[in-house]
There are 2 protein chains.
Amino acid sequence: MTTLSLNRNLHQRLQACKYLFIKLLNFLSEHKFGKIAFSFYFAFGVHVPATIKSVAQYAGVSIKTVSRVINNEGTVKPATLEKVQEAIEALDYKPNKAARDLAGRENFVLGYVYDNPNAYYIIDMQKGILDECRSSGYELLIHPCNAASDNIVNELVNMVSSARLAGLILSPPLSEMPQVLSALDERNICYVRILSGSTTPNSSLPSVLIDDYKAAYAITEHLIEQGHSRIAFISGDMAHQSTIERQEGYKAALKARDIPVDNQLILNGTYSFETGVKSAEKIVKMAPTPTAVFACNDEIAAGTLFGARMNGLDVPAQLAIAGFEDSPFSRQTYPTLTTAAQPTTEIAKSATSALIQCIRSRKKAGNQDAIRSRFFTPQLVIRQSTKG
Amino acid sequence: MTTLSLNRNLHQRLQACKYLFIKLLNFLSEHKFGKIAFSFYFAFGVHVPATIKSVAQYAGVSIKTVSRVINNEGTVKPATLEKVQEAIEALDYKPNKAARDLAGRENFVLGYVYDNPNAYYIIDMQKGILDECRSSGYELLIHPCNAASDNIVNELVNMVSSARLAGLILSPPLSEMPQVLSALDERNICYVRILSGSTTPNSSLPSVLIDDYKAAYAITEHLIEQGHSRIAFISGDMAHQSTIERQEGYKAALKARDIPVDNQLILNGTYSFETGVKSAEKIVKMAPTPTAVFACNDEIAAGTLFGARMNGLDVPAQLAIAGFEDSPFSRQTYPTLTTAAQPTTEIAKSATSALIQCIRSRKKAGNQDAIRSRFFTPQLVIRQSTKG
DNA sequence: CGTCAACATGACAACGCTGTCATTAAATCG
DNA sequence: CGATTTAATGACAGCGTTGTCATGTTGACG
């Protein structure tokens with residue numbers, strides 16, 4: 001046997017040597033270097049990141065105690081805590097996410113799922129989520145998808161299980177799809193919803209509510225104050241609750257001023273530039289022509305502006321246009337667009353922190369803090385497109 | 001001792017029971033259920049994902065062989081391979097990323113680092129990268145950052161080491177910053193660069209090259225063909241190589257038609273709407289007034305359009321405007337903008353696949369496939385803003 | 001039909017952390 | 001101030017992979 005193994009090919013022999021050598025180095029480092037910052041440079045200039053073990057050794061405690069410190073378990077004596085924190089600092093220790101994920105039940109990864117053609121919105125959302133993630137040690141998996149796909153429920157569930165996600169951030173329209181929500185509930189998956197509305201949904205999970213109704217009311221009110229009474233409304237996708245809320249706000253504001261709601265002035269569409277263009281063409285043909293348009297978002301509004309101009313209409317003199325969302329390009333049309341600004345990055349942060357809180361409270365069975373919704377109301381921003 | 005431990009608090013006792021119970025269940029599942037699809041539902045409806053172990057057992061091989069199959073190591077007999085693949089299918093096995101990351105040297109995570117205010121570009125890039133990642137089992141970490149920050153090099157290096165990234169995708173301007181590149185090289189970090197140029201950079205790492213020069217040449221040529229000879233050029237940030245390439249292309253096209261390059265017609269700026277607005281104001285004051293403008297990107301072009309209109313100029317009759325990039329909003333201005341279209345999503349895919357290939361070839365020391373650059377040339381898209 | 005590569009496969013120790021439970025130190029109480 | 005609870009800490013076994021090395025197995029060759 002031994003003679004045979006001596007005849008094995010050179011490659012394997014060399015590997016064996018290397019292996020032994022590494023063991024030797026590890027042994028030496030463990031027994032000789034004591035309080036030296038392992039994290040710097042090792043023999044051969046190989047960077048060896050600090051591990052929980054080296055921190056424990058440096059601080060003179062067990063690895064479990066270090067684990068307690070980094071997980072904020074709270075059952076560590078102040079003196080010990082300080083020692084450990086010093087060690088962490090000194091060694092520039094960063095917990096290995098893979099190891100934590102493997103050892104623990106859930107991964108420190110959140111998923112952001114969206115189906116939204118608005119690039120600016122997505123970028124702002126990502127920014128807010130990332131900010132919050134970084135300060136809590138979570139990572140973010142982004143997942144653009146097609147909400148209309150038949151397979152969307154499976155797709156999401158698979159993603160959660162295969163990436164072992166700790167939780168999901170859902171923005172509209174996914175946050176408003178019952179089949180998605182119930183599938184997640186069934187599998188006990190944590191999620192936070194960002195959605196349109198003003199009342200807390202009946203759910204044990206957190207939500208961030210955007211009061212589109214109130215903002216749409218304010219926009220409509222503003223148009224009325226500018227002297228308009230024939231105000232057209234261009235809807236986005238009816239699958240988005242926001243469309244409905246905005247329409248309701250529009251109607252309510254009209255009613256409050258005793259202006260009858262004329263259903264012919266309400267045009268259906270999607271959240272797209274094209275909808276705006278097409279709607280503008282319909283609007284110019286109406287008689288009497290509306291003097292103002294409230295478009296469900298800035299993209300539609302920009303399209304409407306485009307269409308109005310193609311038809312030789314002056315904005316705002318002949319047609320006032322208001323959008324919604326405060327996309328950068330609402331400032332980049334001529335004239336600039338009146339709109340409602342929502343603090344997207346703030347909303348994202350708020351949602352993310354709610355989600356993380358929810359995940360944490362789930363881990364500790366007892367600690368069922370009341371889940372509270374958070375509320376935001378987009379603010380009216382008056383620009384050139386409605387100011388005669 | 002024993003009596004003492006019997007008096008321990010109830011909580012700990014219960015946990016001990018639970019622990020034993022789980023062990024029992026595991027034991028049973030291992031010794032009784034043989035070829036049953038463990039992955040479905042376990043006692044108590046708890047979903048237990050298949051592991052490499054269950055696959056091995058199902059297929060009647062060792063876990064190492066399964067590992068060989070999922071890593072495509074190629075040293076598995078066809079018959080065995082098939083057995084294992086069947087087992088994987090049957091159990092719906094998905095390798096646990098955390099475990100792979102922990103056991104292996106590098107994580108299956110790529111980083112996309114960017115500092116770019118153009119939301120559409122970022123979204124398209126993300127989409128392409130994600131597509132490629134999904135089909136190769138990688139994950140994506142996105143990292144928006146500030147390239148002008150003093151600390152940018154440290155920030156990136158820290159990110160790579162703390163998330164144990166396998167590689168980085170760099171888009172401009174980060175892909176063109178020597179200090180960033182050399183820091184990454186020093187630490188032997190794999191990256192792929194997307195950058196402006198037409199010649200392969202001197203590097204052992206892959207690049208994706210965008211031939212801005214050629215595209216800018218084409219745009220300028222188009223303007224000349226429309227009868228323009230006084231063509232202003234509005235630069236983006238000079239820190240972007242693309243700005244320089246585009247300017248060079250512009251100059252070369254002029255020279256080729258014997259039109260002298262007038263440096264007064266070249267305006268400096270940043271890749272922003274504001275730059276366009278301000279430049280338009282300077283342009284209308286020039287005498288003789290330029291009849292065409294080539295803006296370094298669509299955002300500047302949109303700003304120029306805005307500024308021109310503010311000054312009562314008709315586009316394209318009095319001033320033709322061309323942009324660059326084919327952002328969606330180049331289609332959403334009135335008139336629509338002539339521009340150069342780059343297939344951003346394709347570029348992202350190409351870059352990502354190059355990176356993954358590079359990472360793989362690094363793992364196997366011998367397999368040094370030649371690193372080849374990939375080339376893209378943005379294509380001229382003629383729209384209303386330059387067509388009298 | 002023994003010999004010896006080359007090929008195929010397996011046993012087992014890492015990887016760095018958290019969960020479980022045992023143990024020790026500190027606090028509380030009768 | 002000893003008994004007993006409670007707080008703090010530690011020892012150690014996983015978690016699901018991959019890397020290392022050893023051990024079959026096969027096939028070509030003399």
Side-chain angles (χ1 to χ4, degrees), chain A residues 1-9 11-20 22-23 26 49-56 60-71 73-81 84 93-108 164 363, chain B residues 1-5 7-9 11-20 22-23 26 49-56 59-71 73-81 84 93-108 164 363:
Chain A
M1 300 300 162
T2 315
T3 50
L4 211 117
S5 94
L6 277 172
N7 286 334
R8 290 289 165 196
N9 74 52
H11 181 62
Q12 291 203 345
R13 299 268 91 211
L14 277 176
Q15 284 205 324
C17 284
K18 182 177 144 204
Y19 193 58
L20 280 174
I22 289 176
K23 276 205 168 172
N26 276 332
T51 69
I52 200 174
K53 215 164 146 188
S54 50
V55 173
V61 297
S62 74
I63 57 169
K64 184 65 218 189
T65 300
V66 177
S67 170
R68 286 187 179 104
V69 171
I70 61 185
N71 287 295
E73 291 185 22
T75 56
V76 180
K77 256 203 296 194
T80 316
L81 188 88
V84 174
Y93 167 69
K94 309 227 178 72
N96 179 321
K97 218 187 65 60
R100 296 179 92 177
D101 289 350
L102 182 58
R105 263 170 58 259
E106 268 171 332
N107 288 8
F108 284 79
R164 267 89 171 171
K363 281 205 171 175
Chain B
M1 297 303 158
T2 313
T3 49
L4 212 116
S5 95
N7 285 334
R8 292 288 163 197
N9 74 53
H11 180 62
Q12 291 204 346
R13 299 266 89 212
L14 277 176
Q15 284 203 324
C17 284
K18 182 177 144 205
Y19 191 58
L20 281 173
I22 289 176
K23 275 205 167 174
N26 277 332
T51 70
I52 200 172
K53 214 164 147 187
S54 49
V55 173
V61 298
S62 74
I63 56 169
K64 184 65 219 188
T65 300
V66 178
S67 171
R68 286 187 178 104
V69 171
I70 59 185
N71 287 294
E73 291 185 22
T75 54
V76 180
K77 254 202 296 195
T80 317
L81 188 87
V84 174
Y93 167 69
K94 309 223 178 78
N96 179 322
K97 217 186 64 60
R100 295 180 94 176
D101 290 349
L102 181 58
R105 265 171 54 261
E106 269 172 333
N107 289 9
F108 284 79
R164 268 89 172 169
K363 280 203 172 175

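Chain identifiers are assigned alphabetically (A, B, ...) following the order of the sequence lines, protein sequences preceding nucleic acid strands; residue numbering begins at 1 within each chain.
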May I have the distance from [X] (atom [atom1]) to [N] (atom [atom2]), rounded to whole angstrom?
X         : N       : atom1 : atom2 : result
Leu81(B)  : dA8(C)  : CG    : C1'   : 13 Å
Ile63(A)  : dA8(D)  : CD1   : P     : 20 Å
Glu73(A)  : dA8(D)  : CD    : P     : 12 Å
Arg100(A) : dG16(C) : CZ    : C1'   : 11 Å
Asn71(A)  : dT18(C) : CG    : C1'   : 8 Å
Arg164(A) : dG16(D) : CZ    : P     : 8 Å
Lys97(B)  : dC15(D) : NZ    : C1'   : 15 Å

Determine: side-chain N/O of [X] to OP1/OP2 of [N], distance under 4.0 Å, yes or no.
X        : N       : value
Thr80(A) : dA8(D)  : no
Ser62(B) : dG10(C) : yes
Thr65(B) : dG10(C) : yes
Ser67(A) : dT18(C) : yes
Thr75(B) : dT9(C)  : no
Asn96(B) : dC15(D) : no

Problem - Min side-chain heavy-atom separation Val61(A)-Val66(A) under 4.5 Å - result: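 Yes, side chains in contact.
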
Exercise for the section: Side-chain contact test, heavy atoms from C-beta onward, threshold under 4.5 Å: evaluate it for Thr65(A) versus Thr80(A) and give yes or no. Expected result: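 Yes, at least one pair of side-chain atoms sits under 4.5 Å.
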
Practice task
Might you point out which heavy atoms bring Ile63(B) and Lys53(B) nearest each other, and give the distance in Å?
Solution key: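 Where Ile63(B) meets Lys53(B) most closely, the heavy atoms are CG2-CA, 3.7 Å.
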
What's the closest nucleotide to the [X] side chain, out of [options]?
X         : options                  : value
Ala99(A)  : dG16(C), dC12(D), dT9(D) : dG16(C)
Leu102(B) : dC15(C), dT9(C), dG14(D) : dC15(C)
Tyr93(B)  : dT17(D), dG16(C), dT9(C) : dT17(D)

Practice task
Would you mind telling me which residue lines up with the more 5' stretch of DNA chain D, Ile52(B) or Lys64(A), judged by nearest nucleotide?
Solution key: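 Mapping each residue to its closest nucleotide by heavy atoms, the 5'-most match is Lys64(A).
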
Problem - Counterpart residues, side chain to side chain donor-acceptor pair (under 3.5 Å), relative to Lys97(A) (two or more places apart) - result: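 If we apply the side chain to side chain donor-acceptor pair (under 3.5 Å) test to Lys97(A), skipping adjacent residues, the hits are Asp101(A).
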
With rounding to the nearest 0.5 angstrom, report the [atom1] to [atom2] distance, [X] to [Y].
X         : Y         : atom1 : atom2 : value
Ser54(A)  : Tyr93(A)  : OG    : OH    : 8.0 Å
Asn96(A)  : Leu102(A) : CG    : CG    : 9.5 Å
Ile70(B)  : Arg100(B) : CD1   : CZ    : 5.0 Å
Arg164(A) : Lys94(B)  : CZ    : NZ    : 9.0 Å

Problem - Toward the 5' end of DNA chain C, by each residue's nearest nucleotide, Gly74(B) or Thr51(A) - result: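 First, find each residue's nearest nucleotide; the 5'-ward one identifies Gly74(B).
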
Practice task
Report the residue (Lys77(A) or Val66(A)) whose heavy-atom-nearest nucleotide on DNA chain C is the more 5′ of the two.
Solution key: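 Per heavy-atom nearest nucleotide, the more 5' residue is Val66(A).
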
Problem - Bend angle of the helix from dC1(C)-dG30(D) to dG30(C)-dC1(D), from helix axes over five pairs at each end, nearest 10° - result: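 Axis-to-axis angle, ends of the helix: 40°.
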
Handout entry: Under 3.5 Å donor-acceptor pair, Arg68(B) side-chain atoms to dG10(C) base atoms
Key =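 Per atom types, the contact qualifies.
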
